[in-house]
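Letters go in sequence order (proteins before strands), and every chain restarts at 1.
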Amino acid sequence: MLGTRLIACLVVKNGIAVQSIGFSKYLPVCRVEIAVEYLSRWGIDEIVIVDIDASRAGRSFDLEMAQAAAGAGFVPLTLGGGIKSVAEIRMLLKQGADKICLNNSARLNPGLISEAAKVFGSQCIVVSIDATFVDGEYKVYDYSLGREIETNVLDFAKECEKLGAGEIFLNSVANDGLKQGFDLDLINLVCKAVSIPVIVIGGAGHPSHFLDVLKQAKASGVAAGNYFHFFEHSVIATKNYLRKNLAVKDLVDPNIKGKESIIRPNSYVDYKGISFDEMGRPAKKDEDFLESQRFEFHPEEII
Amino acid sequence: MKYCKKCVQPDTRPGIKFGEDGVCPACTHIVTIGTIDYDARRGELFELLEDYKKHNKLRQYDCIIGVSGGKDSTRQAMYVKEVLGLKPLLVCCSYPPEQLTETGADNMSNLIKLGFDAISVGPSPKTWKRLMRNGFFRFGNYAKSTEMALFASVPKLAIAYHIPLILWGENPATQFGNLAVGSLNWNGNGMRNSNTIRSGPDPLLDPDMKENEINWFRYPKPEEMDKANLQIVYLGYFWNDWNKITNGSFSVANGLEIRDGVSAHEGSLYPFDALDDDFSVLNQMIKHVKFGFGRLTEEASELIRAGKISREEGIELVKKYDGKCAQKYIDRFCEYLEISLDQFWEVVESYRDLKIWSKDENGKWGLEYNFD
Amino acid sequence: MEEKQRIALALKRKRFFLENPIVIVDYDVGNILSVSKALSYLGYHHIVSSKPEDIQRASGLVLPGIGAFYEAMRNLKSRELCSVIKEEVLNKNKPLLGICVGMQILSDKGFENGEYDGLALIPGNVRRIPEQEGFRVPHVGWNTLEIISKDPLFSLIDDYALDDDKKEELVNHFYFDHSYYFECDDKYVLAYCNYGQKLAVAVRFDNIFGVQFHPEKSQKNGLKLFRSFFDFVMNHFGSLNNSDVTDGLQEAKRC
Amino acid sequence: MISIKELKFQKEIGKGIYRGALIKDSLSKKAKINYCSRCLYPSNHPLGIIFDSKGVCSGCRIHEEKDILNWDSRFEKLRGILKNYKSASRGQYDCVIPVSGARDSYFIVHVIKNVFGLRPLLVTYNKQYNTEKGIRNLSYLRTVFDCDLLTLTVNPETVKKITKVSLQKMGSMYWHCLAGQSVFPVQIAVRFKIPLIVWGAHQGIDQVGMFSHTDQVEMTRKYRKEHDLMGFEAEDMGSSMMHLSSSDLAQFAYPHDKEIEKVGVRGIYLNNFIRWDSKAQHEKMIELYDYESGEQSRTFDTYNDVDCFHYSDVHDYIKFLKYGYGKAMDHACREIRLSRMSRSEGIAHVMKYASLEPKSLQLFLDWIGISKKGFYFFINQFRDPLVWTRDSNGEWILRKCIFDFEGDSSSLVEDARLPLVEDKCEFKLTGSRTVISDKPKYTVLGRGFVNPEDRTK
């Protein structure tokens with residue numbers, strides 16, 4: 001059964017992956033290919049890389065960085081930032097991207113969505129929408145201007161679907177980087193408005209935040225930007241937290257039958273049976289288990 | 001106190017048994033050395049090493065050796081590397097800084113520079129000092145805890161690092177007649193039963209000491225050793241020229257730093273014993289009080305067995321230097337354990353074996369040497 | 001597997017594929033780089049090329065693919081690769097693995113934005129996944145398979161694992177990203193994927209293989225699939241050359 | 001004159017990660033380097049650094065949290081974590097603490113053992129470049145806190161081979177130390193099944209504000225590979241130039257994921273829970289435990305690097321030759337952010353120390369067996385073209401550096417200035433414990449105890 005994807009988003013500024021807080025404050029974290037290597041090793045379902053300097057600097061996604069990222073792990077890649085033409089899309093797909101993501105150009109040149117969908121198939125075309133709640137409704141936020149514009153998020157999302165977008169990448173400006181959890185109202189509204197898959201991001205700071213989304217909305221993918229950098233094997237532990245706390249009856253989507261279909265477990269290094277501390281990170285194992293491990297030998301998995 | 005007919009070893013060592021012919025186990029063993037086919041034994045050794053490769057899962061190291069940087073461990077480590085062609089992990093149990101000598105530290109550096117990886121295990125100094133104090137007051141032997149740490153640290157790291165093969169030097173039974181280890185061949189798995197460490201650290205403890213403060217003194221249980229497939233092998237069994245003099249000369253030739261070599265101060269003929277711990281001279285003196293023999297008796301016995309000196313010359317040396325210990329060592333020991341000289345002698349005297357010691361006319365203790 | 005055996009096998013692979021490299025067909029569609037990275041990671045020497053002479057020298061072929069059906073076919077035709085690929089695969093019996101759109105163009109006809117001819121290597125058509133309530137199209141994400149025959153593609157894949165409460169759980173996930181699917185006779189199907197209806201996601205006809213998902217993006221399961229496929233290529237190549245050992249099954253199917 | 005093409009070539013030979021985009025931008029003439037308007041950090045800081053609209057760097061912004069967050073409640077958070085990790089039943093250690101003869105080791109053990117009452121296992125990787133002062137500090141650390149200490153000393157011949165490879169691959173003579181000290185604690189945690197490792201300050205937070213303190217970031221192999229080891233893990237150190245077997249490098253290899261998972265190893269950083277002030281902490285340790293400080297050749301901080309001949313000497317000089325700044329700037333930025341040093345005073349310190357020749361270079365060259373020119377042959381390959389260029393007769397000159405901003409009082413700098421809370425920033429010199437002067441050569445293993453007759457106090 002198609003499970004929900006746990007996705008890592010790498011916001012790129014000055015050529016490096018950064019933490020983004022409120023679309024304004026950025027903290028340097030690491031190089032893109034190092035992040036991809038480890039996220040892939042930890043079993044992330046997908047990685048979205050957005051270069052937020054590109055459109056302002058008037059250039060497309062840096063091909064060299066795309067190549068480095070694609071070569072660093074065996075994980076589906078969505079590249080976005082400054083992409084304005086079919087030719088650029090073809091180059092990025094050749095470098096190893098599975099999907100490309102349009103933000104500014106989707107608004108300024110909607111025709112590009114349908115043209116690209118026609119050439120490459122809609123499954124490679126993702127439209128990224130940044131939303132902010134202003135006087136009673138969710139409006140589209142233009143990050144290059146630094147403020148919202150007079151377009152309703154739901155209308156714009158439906159419009160993109162009609163134009164042939166394959167997926168929506170939905171970000172909440174207000175929640176970005178606050179670690180207080182996702183904007184569930186926004187997510188529910190957009191997921192109901194369109195029939196194409198929706199990936200949501202903005203505000204993850206604890207595994208329970210992902211849990212809330214899975215329980216209350218029909219998002220196809222739950223993403224986090226800063227959160228996965230915080231501790232070792234963060235992806236595996238978070239997946240286990242979700243698999244442990246998701247009872248089937250909680251689920252909104254009737255088609256999801258068994259628990260296994262929701263979150264794909266990691267194999268071999270799986271963190272099965274662990275408990276969690278109040279930060280949602282793996283808690284200490286009990287003493288007898290640690291004592292029994294003294295004579296265990298675990299070989300490294302080699303395929 | 002009966003002496004071995006051939007050498008000068010008395011029968012007062014705990015656990016020693018002389019043959020009917022009045023000869024100590026070491027002398028009976030040395031006789032057989034001439035008849036031992038060392039080439040066959042070497043084949044046996046290589047077979048053993050090959051057999052043990054399958055238990056070694058981590059493959060970082062072929063074996064693990066307990067070392068102090070002294071004469072025996074330097075020669076043994078080089079033998080394992082150069083002759084057996086193995087890559088050993090050295091384990092050095094490092095004394096509290098106050099007890100360790102500069103020479104001891106330099107020698108351990110010297111051994112590492114000869115091309116080895118080493119892990120130094122340093123149990124907490126104050127706790128160790130308290131165990132030494134308890135060992136001294138309760139058993140007249142401060143070194144009980146030291147020996148426990150030296151013996152236990154190696155198998156503990158072997159378990160942790162999944163290195164099943166532990167190579168040891170000489171079998172104490174054949175070298176000193178300490179039969180308690182229960183084996184006269186290469187199998188060293190009975191080492192936990194040797195005299196000083198059989199009791200484990202418990203008799204030395206104070207009530208407030210917790211288990212995680214003394215775990216480096218506790219020897220692994222037999223079932224732990226089995227689960228980890230540990231096998232201790234005495235290399236001495238496979239070696240015909242393993243003895244103090246050759247080991248000493250080899251190590252000095254490879255950079256070993258040694259003592260001044262004044263027998264009257266150190267109660268020994270050779271300047272390369274227990275180089276990392278000055279208190280060992282004092283410990284031999286206490287042993288001399290307890291059992292009537294010290295390090296010099298063992299050295300003289302080895303020389304007699306090696307045919308270097310006659311029994312008469314040995315007896316001469318024993319009477320002259322055995323049990324000697326310079327006052328500076330006693331002062332430093334009292335200062336380290338924070339006890340007075342009177343307390344020190346009060347304890348030592350309480351262990352004097354009156355069956356073998358008697359006071360002469362002007363009140364000086366003397367041994368009744370009946371070497372016949 | 002013992003350490004020594006593993007090293008010996010790795011050496012054998014190295015030597016074999018240095019002489020008869022795998023060719024990843026570069027027809028300007030799809031992320032060639034990721035497939036190439038996966039092969040180097042697993043130790044298979046390969047070249048990325050669109051030159052016919054390389055394809056003729058190859059021990060096995062890979063047709064990667066992202067994007068639309070007709071563009072893939074148009075690029076293959078413009079590079080005159082169709083005939084040389086068919087020649088190697090049908091007459092010389094060389095194994096071929098089509099990935100995603102690379103699998104779809106193996107079909108007779110593709111109905112993406114019109115009707116276009118495929119390579120007709122595996123009988124079947126490519127149609128759009130029918131819209132169904134609760135099953136969004138495109139089919140994007142990790143999905144589990146219903147594997148019909150494990151060998152050779154899925155021989156290393158564990159289908160089940162125990163989850164936290166010790167219950168059997170399906171774990172043979174692969175990454176999908178497609179709106180069209182390969183519709184063909186059941187006898188060619190190696191594995192299905194239940195997405196509202198049973199979609200054929202792995203097909204085989206003799207030495208021609210196709211997978212709808214992206215092994216180069218399916219982490220460990222993907223690497224395991226590549227491992228078993230390219231070891232199959234190595235062993236298959238061996239059986240081709242010593243003529244007396246003809247693969248009986250091979251002959252029967254051909255005629 | 002190294003052409004741009006040649007620099008590009010150098011990027012290919014090293015598998016290591018060269019700052020792709022950044023270098024490409026820097027190679028183009030328009031790329032310029034700028035400096036934080038509050039502290040002194042340049043935009044080519046190897047850990048990555050972001051300047052906000054006011055020209056203040058991410059390091060300074062995160063540093064402001066030190067005067068905003070409620071550190072008492074963060075201290076209680078730490079108490080909660082440590083309580084969970086206390087080894088109740090099986091008589092094992094409660095945690096592992098990496099220590100050395102310097103760098104906040106005393107403070108960390110003081111906090112964990114004396115303040116929280118845990119039983120730590122101390123571990124140290126033998127850097128081999130040890131000063132006798134460092135050996136003394138470590139021996140007294142072990143005795144004063146009465147802790148068990150495990151020391152790993154790798155075969156010096158192997159270490160020399162590895163250092164030659166790291167000089168070739170990334171122009172570093174300190175890789176083996178950084179690799180060893182960052183992995184030995186993890187190996188011990190895995191081998192002895194002690195899940196918790198306690199580190200001092202997270203360099204990423206303290207220098208460039210990589211994370212907020214509230215993120216409570218933990219030890220990851222990812223951070224180690226990229227920032228501690230410049231992109232080269234043990235597995236990447238194989239080189240055709242030097243035969244290094246996998247067992248030679250085994251002591252530097254990170255335990256694989258399954259081992260980490262089975263024990264549940266986690267490394268926490270104290271500077272997420274305690275308002276980190278290295279200078280004040282060292283001064284407290286001097287007062288409580290007679291920690292020995294000592295003059296350093298290339299920085300005014302006399303506390304941090306006394307245990308190593310090279311950390312703030314040859315290694316720091318190499319950092320200057322590569323990035324155009326050294327430890328003096330790290331320490332100046334730290335003090336500026338703590339409002340103990342003005343920006344101009346910081347620049348003065350940097351100017352004084354930046355280009356000083358290292359004192360212990362010959363000692364290192366003799367040990368490893370490389371000539372001085374050979375040393376510069378390796379290092380010059382890794383000079384950052386953004387900062388360094390060669391003049392007409394081939395001399396390396398700094399394109400631009402903080403010195404140009406000495407008198408700078410632009411509005412940005414004025415707005416970002418912090419009012420000083422202390423008027424001067426003095427570092428104590430405790431003098432040595434022993435009257436015997438320290439030997440000017442490495443001590444692989446040392447006693448460290450000073451006999452009563454040799455004591456100075």
| message | For D/I135, which atoms come within 4.5 Å of any heavy atom of chain B: side chain, backbone, both, or neither? | response | neither
| What part of B/E213 lies closer than 4.5 angstrom to a heavy atom of chain D: side chain, backbone, both or neither? | both
| said: Whether D/R221 and D/E233 form a salt bridge (side-chain N of Lys/Arg under 4.0 Å from carboxylate O of Asp/Glu) is what I want to check. | reply: yes
| query | Do you know which two heavy atoms are closest between B/D62 and B/N56, and how far apart they sit? | reply | CA-ND2, 3.7 Å
| said: With chain D as the partner, which of B/Q60, B/R332, B/E98 has the greatest number of non-hydrogen pairs under 4.5 Å? | reply: B/E98
| request: Kindly confirm or rule out a cation-pi arrangement of D/R224 over D/Y254, judged by NZ or CZ under 6.0 Å from the six-membered ring centre and within 45° of its axis? | output: no
| query | Which one, B/R59, B/K156, B/E102, leads in non-hydrogen pairs under 4.5 Å with chain D? | reply | B/E102
| request: Select one option (side chain, backbone, both, neither) describing which atoms of D/V450 are under 4.5 Å from chain B's heavy atoms. | output: neither
| Is chain B contacted by the side chain of D/D248, its backbone, both, or neither, given a heavy-atom distance below 4.5 Å? | both
| Pairs of heavy atoms under 4.5 Å with chain B: top-ranked of D/L152, D/T143, D/V444 | D/T143
| request: Just do the ring pair (Phe, Tyr, Trp, His ring centres under 6.0 Å) check on B/Y329 and B/H265 with the steps written out, would you? | output: CA-CA 9 Å; B/Y329 295 126; B/H265 294 164; 8.0 Å; no
| Does the side chain of B/Q343 come within less than 4.5 Å of B/F137's, by heavy atoms? | yes
| task | Please flag which part of B/K126 lies under 4.5 Å from any non-hydrogen atom of chain D: side chain, backbone, both or neither. | result | both
| For the residue pair D/V109 and D/C147, what are the closest heavy atoms and their distance? | CG1-SG, 4.2 Å
| request: Determine, stepwise, if the pair D/H310 / D/F364 fulfils ring pair (Phe, Tyr, Trp, His ring centres under 6.0 Å). | output: CA-CA 8 Å; D/H310 299 317; D/F364 170 69; 5.7 Å; yes
| note | Answer key: most heavy-atom pairs under 4.5 Å with chain B among D/V190, D/D146, D/T151 is D/D146
| Parallel, tilted or perpendicular, as decided by the 30° and 60° cut-offs, for the rings of B/F279 and B/Y142 | perpendicular
| said: If we define contacts as heavy-atom pairs under 4.5 Å, which of D/E157, D/Q187, D/R191 has the most with chain B? | reply: D/R191
| Of the backbone (N, CA, C, O) and the side chain (C-beta and beyond), which part of D/Q128 lies under 4.5 Å from a heavy atom of chain B, both, or neither? | neither
| query | Do you know the tightest heavy-atom contact between D/A189 and D/I197? | reply | CB-CD1, 3.8 Å
| message | Below 30° counts as parallel, above 60° as perpendicular, anything between as tilted: where do the rings of B/F333 and B/F136 land? | response | perpendicular
| task | With a 4.5 angstrom heavy-atom cut-off, could you sort out which part of B/Y61 is near chain D: side chain, backbone, both or neither? | result | side chain
| field | Part of B/K129 within contact of chain D (heavy atom distance under 4.5 Å) | value | neither
| query | Using non-hydrogen atoms only, which part of B/L90 is less than 4.5 Å away from chain D: side chain, backbone, both, or neither? | reply | neither
| task | Pick one of side chain, backbone, both or neither for B/F116, based on which atoms fall under 4.5 Å of a heavy atom in chain D. | result | backbone
| said: With a 4.5 angstrom heavy-atom cut-off, is it the side chain or the backbone of B/S153 that approaches chain D, or both, or neither? | reply: neither
| task | Name the option with the most non-hydrogen atom pairs under 4.5 Å to chain D; the candidates are B/S94, B/S124, B/A105. | result | B/S124
| field | Per-residue contact mode, D/F184 against chain B (heavy atom under 4.5 angstrom) | value | side chain
| query | Would you say B/K210 has more than 12 foreign heavy atoms packed within less than 6.0 Å of its NZ? | reply | no
